[in-house]
Amino acid sequence: MELYSGPLNVDEIVSRWHKEAAAQNCGAFITFVGIIRKENKIEALSFDIYEPILKKWFENWQQKAKAKGATVKMAHAVGDVPIGKSSYISAVISPKRRVALELIDEFVEDFKANAPIWKYDVIEGKRVYAKERSTPMNGAGILSRSGQ
Amino acid sequence: MELYSGPLNVDEIVSRWHKEAAAQNCGAFITFVGIIRKENKIEALSFDIYEPILKKWFENWQQKAKAKGATVKMAHAVGDVPIGKSSYISAVISPKRRVALELIDEFVEDFKANAPIWKYDVIEGKRVYAKERSTPMNGAGILSRSGQ
Amino acid sequence: MVKVEFLGPIAKEPIELDISSLKELAEFMQKDKDLKEWAENSAVAVNDTIVSDIEYKLKNGDRVSILPPVCGG
Amino acid sequence: MVKVEFLGPIAKEPIELDISSLKELAEFMQKDKDLKEWAENSAVAVNDTIVSDIEYKLKNGDRVSILPPVCGG
């Protein structure tokens with residue numbers, strides 16, 4: 001797991017992981033790259049990460065992948081990432097094609113739903129929490145009246 | 001669609017497609033890279049491609065992707081590719097994550113089943129058709145007695 | 001004492017509470033106008049492990065994190 | 001005349017046949033010891049378009065390709 005301040009150097013990261021895949025004698029290497037889109041009046045997106053829980057989340061996925069003979073990789077930006085730059089890369093390295101295709105889907109979807117990362121639109125230099133696009137994590141709401 | 005004689009320059013190709021994804025204002029960029037694994041006594045794999053039908057197959061996928069707002073990309077090696085080098089990259093560029101994850105799976109699986117490419121193991125400098133790992137294409141067998 | 005920290009967009013400094021279960025924390029948050037809303041959609045971790053049992057007992061020195069809705073990527 | 005070409009691992013030079021349908025091509029291939037086997041698992045294209053109707057009519061100058069099992073990637 002790699003965290004970077006600001007935009008990711010996708011070329012460098014993907015090249016390095018690709019070499020790792022070849023060195024592991026794995027035939028399938030899939031990457032998912034998240035790029036900041038121009039939308040509304042956004043100048044950039046900005047991210048907060050709570051690293052201790054993200055690390056546990058990732059280690060749990062590493063175990064899951066290992067049980068299928070695969071490896072997962074992840075890189076994410078902290079702070080501001082301007083439009084057109086990349087904030088997120090996840091990857092699966094696997095000897096088997098099917099395992100790789102299935103894992104990347106589950107890994108990216110679970111990342112979206114449960115990785116402790118908060119996203120903000122940057123508009124006129126101000127951070128605005130992307131509330132509508134955010135997802136309550138597994139187990140959310142237990143502190144509410146209805147959660148009891 | 002890009003065909004190369006010998007191994008692919010994965011870094012160059014992925015970097016270029018990544019830039020294209022950013023220029024298209026697409027948020028999701030997925031690549032699948034096929035790497036030659038060391039197995040048995042293989043020195044390399046070797047590929048024959050029938051380009052006219054591959055081109056049609058790819059154009060058909062390009063249309064399919066377009067209907068979902070996405071773009072597909074593909075690069076493949078012709079001839080010998082030694083162990084540890086890459087022979088195949090496919091990619092999906094899409095504004096939407098779900099579309100990208102679903103398309104890459106269908107695209108790669110259909111590629112494996114229907115792209116007119118033949119694979120050979122290279123053992124002691126000789127090409128041996130990888131018969132057991134090959135798949136009859138859609139519509140195969142119509143010239144056989146049972147096909148009629 | 002239990003330390004409670006609010007992550008991401010919850011604009012609130014950490015607080016120290018004299019509570020012994022998540023249930024007591026829930027009661028505390030429901031009384032606070034601003035926190036009540038976050039209680040609805042936040043997950044909870046105790047010492048960096050996600051907990052989903054409201055009966056979970058807290059002990060002196062525990063650190064509780066409130067995790068609002070996420071959106072990585 | 002119809003030109004028939006054999007792709008990939010089928011080690012055979014193109015041939016010219018006086019046939020007017022895929023059915024006739026099928027009959028021809030089934031008589032050839034080596035080609036019979038490939039007929040079982042190959043797909044067929046006429047002028048670079050995959051055809052899956054055995055009744056498909058061939059006309060003078062058509063080019064038929066025999067495509068054995070594939071494995072790209």
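Labels below follow one simple rule: chain letters A, B, ... track the order of the sequence lines, proteins then strands, and each chain is numbered from 1.
- For I66(C), the part lying under 4.5 angstrom from a heavy atom of chain A is the side chain only.
- With respect to D48(A) and R127(A), a salt bridge is recorded, a charged nitrogen being found less than 4.0 Å from a carboxylate O.
- In this structure, the separation between CD on E27(C) and CG on D32(C) is 14.0 Å, given to the nearest 0.5 Å.
- By number of non-hydrogen pairs under 4.5 angstrom with chain C, the leading residue of Y120(A), Y50(A), Y88(A) is Y50(A).
- In this structure, I19(C) and V64(C) have side chains that are not in contact, with every pair of non-hydrogen atoms separated by 4.5 Å or more.
- Comparing Y129(A), F32(A), F47(A) by how many heavy-atom pairs each has under 4.5 Å with chain C, the most go to Y129(A).
- Closest non-hydrogen pair, V81(A) versus S86(A), comes out as CG1-O, 3.8 Å.
- With hydrogens and angles ignored, the 3.5 Å screen pairs a side-chain donor or acceptor of D53(C) with a backbone N or O of E55(C).
- Remark: D121(A) engages R133(A) in a salt bridge (charged side-chain N to carboxylate O under 4.0 Å, His left out) (not counting sequence neighbours).
- When all heavy atoms of S90(A) and W17(A) are compared, the pair lying nearest together is C-CZ3, 4.3 Å.
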- Item | Full working for salt bridge (charged side-chain N to carboxylate O under 4.0 Å, His left out) between E12(A) and R16(A) | CA-CA 6 Å; E12(A) 186 276 326; R16(A) 185 158 39 82; 2.7 Å; yes
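- Residue contact with chain C, scored on non-hydrogen atoms closer than 4.5 Å, involves the side chain of K131(A) exclusively.
- The environment of E16(C) atom CD is dense: over 12 non-hydrogen atoms of other residues, nucleotides or ligands sit within 6.0 angstrom.
- Aromatic ring centroids of F111(A) and W57(A) lie under 6.0 Å apart.
- Heavy atoms closer than 4.5 Å to chain C are found in both the backbone and the side chain of K112(A).
- Annotation: maximal heavy-atom pairing with chain A below 4.5 Å, among C71(C), G8(C), S42(C), occurs at C71(C).
- If you measure heavy-atom distances from A113(A) to chain C, the contacts under 4.5 Å come from the backbone alone.
- Of all residues in residues 44-52 of chain C, those placing a non-hydrogen atom less than 4.5 angstrom from a non-hydrogen atom of chain A are V44(C), A45(C), N47(C), D48(C), T49(C), I50(C), V51(C), S52(C).
- Contact annotation for E24(C): neither backbone nor side-chain heavy atoms come within less than 4.5 Å of a heavy atom of chain A.
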